[in-house]
Protein chains: 2
Amino acid sequence: MLDQKPNKTEDQHTDLLRQFHLRPTRQRLALADLLFNGPCRHVSAEQLRLETKNKGINMSLATIYNTLNQFTKVGLLHEINLDNNVTYFDTNTDHHHHFFDPKTNKLIDIPRDAISLNALPDAPDGHDVERVDVIIRLS
Amino acid sequence: MLDQKPNKTEDQHTDLLRQFHLRPTRQRLALADLLFNGPCRHVSAEQLRLETKNKGINMSLATIYNTLNQFTKVGLLHEINLDNNVTYFDTNTDHHHHFFDPKTNKLIDIPRDAISLNALPDAPDGHDVERVDVIIRLS
DNA sequence: AACCCTATTTAAAATCGTTCTAAACTGCTT
DNA sequence: AAGCAGTTTAGAACGATTTTAAATAGGGTT
């Protein structure tokens with residue numbers, strides 16, 4: 001009933017965006033609000049389009065894509081690609097792993113240290129290991 | 001110089017396709033030849049379109065997609081999706097893992113037992129573990 | 001070999017997710 | 001308030017993949 005109250009985190013998001021030299025526009029703040037308030041999320045551009053629409057926020061799908069890509073570039077999000085050729089964005093940018101349910105296309109985070117990955121093979125000549133992703137596919 | 005000699009594996013491929021109730025058509029045999037003769041491969045539909053074209057084999061891209069999907073459905077191929085929203089098909093259907101070079105979009109197989117995956121977390125309620133994919137992203 | 005039935009192939013259109021374009025708008029500095 | 005660069009936008013364009021409906025080709029039967 002206190003929805004007049006200004007969103008407590010809006011100023012934080014403004015600061016956050018400025019840190020990355022992104023102007024805190026209405027649209028970017030709206031998406032930051034959806035992405036960075038609650039618990040970690042795995043969302044597609046289309047999902048966010050629906051969420052903004054449902055909240056009465058007017059913004060074009062192109063802006064959603066632009067923003068997600070910018071957030072990804074500065075490290076606020078991580079990109080994940082799965083079976084269906086839809087790009088998902090993970091608000092958890094820590095090194096971690098995932099359960100994946102192909103039925104629902106839902107991802108569940110697995111903390112990094114919940115999986116012990118010892119004895120990794122050496123990277124091929126001329127390469128380094130940048131990251132190790134474990135995806136546990138569920139049925 | 002013996003290219004008149006009938007492809008020694010064509011009969012094997014014919015048998016293989018019949019096992020899965022797929023008619024051994026000219027197109028499917030051509031793709032089986034490209035896929036299942038040499039060492040394991042990771043190919044996209046577009047790559048196969050080029051290869052068939054270069055060999056003078058006439059077949060539509062739709063057929064390549066149809067065939068790859070059919071082969072996948074019966075278990076002759078495995079699908080892999082990476083950063084670029086292109087579907088790759090892996091002729092190695094054993095449980096194994098991959099190096100991935102994002103620069104070239106190339107995959108390199110890692111034998112299953114080259115990575116020790118102990119202490120996997122339990123699958124969420126109502127689910128089983130179907131498969132575990134490890135992707136070592138290179139730089 | 002001719003016939004038939006169904007599976008398969010095909011070109012073309014359609015679809016889907018995503019990016020690009022060029023014009024309008026807006027945050028920020030002066 | 002003015003101006004400029006950064007941002008948003010609608011719509012077109014794009015690339016990968018699927019669908020459509022019509023033509024073709026396996027493979028069995030006569």
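Values reported hereafter were calculated over all heavy atoms of this structure, with side chains retained and with hydrogens, waters and symmetry mates removed. In this text the structure is predicted, and so the values were computed from the model without any measurement. Naming: A, B, ... by sequence-line order, numbering from 1 per chain.
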If I take atom [atom1] from residue [X] and atom [atom2] from residue [Y], how far apart are they, to the nearest 0.5 angstrom?
| X | Y | atom1 | atom2 | value |
| --- | --- | --- | --- | --- |
| F89(A) | L68(A) | CZ | CG | 4.5 Å |
| H97(A) | L120(B) | NE2 | CG | 10.0 Å |
| N81(A) | T87(A) | CG | OG1 | 4.5 Å |
| L77(A) | N69(A) | CG | CG | 9.5 Å |

Rounded to whole angstrom units, what separation is found between the [atom1] atom of [X] and the [atom2] atom of [N]?
| X | N | atom1 | atom2 | answer |
| --- | --- | --- | --- | --- |
| R49(B) | dT17(D) | CZ | P | 12 Å |
| E46(A) | dT18(C) | CD | P | 9 Å |
| L31(B) | dT8(C) | CG | P | 14 Å |
| L50(B) | dA16(D) | CG | P | 11 Å |
| N69(B) | dA16(D) | CG | C1' | 12 Å |
| Q70(B) | dA7(C) | CD | C1' | 10 Å |
| L22(A) | dG27(C) | CG | P | 15 Å |
| L17(A) | dG6(D) | CG | C1' | 14 Å |

Item checked: Side-chain ion pair, R28(B) and D33(B), N-O less than 4.0 Å ->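 The answer is no: the pair does not qualify as a salt bridge.
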Notebook entry, point to check: Taking NZ, NE, NH1 and NH2 as the nitrogens, is one of them in D128(B) or R137(A) under 4.0 Å from a carboxylate oxygen of the other?
Noted result: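 Salt bridge: no.
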Do the side-chain N or O atoms of [X] get closer than 4.0 angstrom to the phosphate oxygens (OP1, OP2) of [N]?
| X | N | answer |
| --- | --- | --- |
| Y65(B) | dT17(D) | yes |
| T87(A) | dG17(C) | no |
| R28(A) | dT8(D) | yes |

Give me, pair by pair, the N or O atoms of the protein and of nucleotides 22-24 of chain C that are less than 3.5 Å apart, along with how far apart they are.
none

Notebook entry, point to check: Any idea which heavy atoms bring R41(B) and E51(B) closest together, and the distance?
Noted result: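 That closest heavy-atom pairing would be NH2-OE2, 2.6 Å.
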Check: Which word best sums up how the rings of F71(B) and F36(B) line up, parallel for under 30°, tilted for 30 to 60°, or perpendicular for over 60°?
Finding: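 Tilted: the ring planes of F71(B) and F36(B) meet at 30° to 60°.
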Next item on the list: For N105(A), look at atom CG and say whether over 12 heavy atoms of other residues, nucleotides or ligands are found less than 6.0 Å away.
Entry: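 Atom CG in N105(A) is packed in, count exceeds 12.
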Check: For L31(A) and T52(A), what are the C-alpha separation, side-chain angles and deciding distance, and is it a side-chain contact (heavy atoms from CB on, under 4.5 Å)?
Finding: CA-CA 8 Å; L31(A) 290 179; T52(A) 50; 4.0 Å; yes
Notebook entry, point to check: Between dT7(D), dT18(C), dA7(C), which one does the side chain of N85(B) approach most closely?
Noted result: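 Looking only at heavy atoms from C-beta outward on N85(B), the closest nucleotide is dT18(C).
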Check: protein-nucleotides 28-30 of chain C nitrogen or oxygen pairs below 3.5 Å:
| unit_1 | atom_1 | unit_2 | atom_2 | d |
| --- | --- | --- | --- | --- |
| dC28(C) | OP1 | R18(A) | NH1 | 2.7 |

Margin query: Grouping I, L, V, M, F, W and Y whenever their side-chain heavy atoms are under 4.5 Å apart, do Y88(A) and L61(A) come out in a common cluster?
Written below: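 No: no chain of side-chain contacts under 4.5 Å links Y88(A) to L61(A).
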Pairwise N/O distances under 3.5 Å, protein to nucleotides 10-13 of chain C:
| unit_1 | atom_1 | unit_2 | atom_2 | d |
| --- | --- | --- | --- | --- |
| dT10(C) | OP1 | Q27(B) | NE2 | 3.3 |
| dT10(C) | OP1 | N58(B) | O | 3.3 |
| dT10(C) | OP2 | S60(B) | N | 3.0 |
| dT10(C) | OP2 | T63(B) | OG1 | 2.6 |

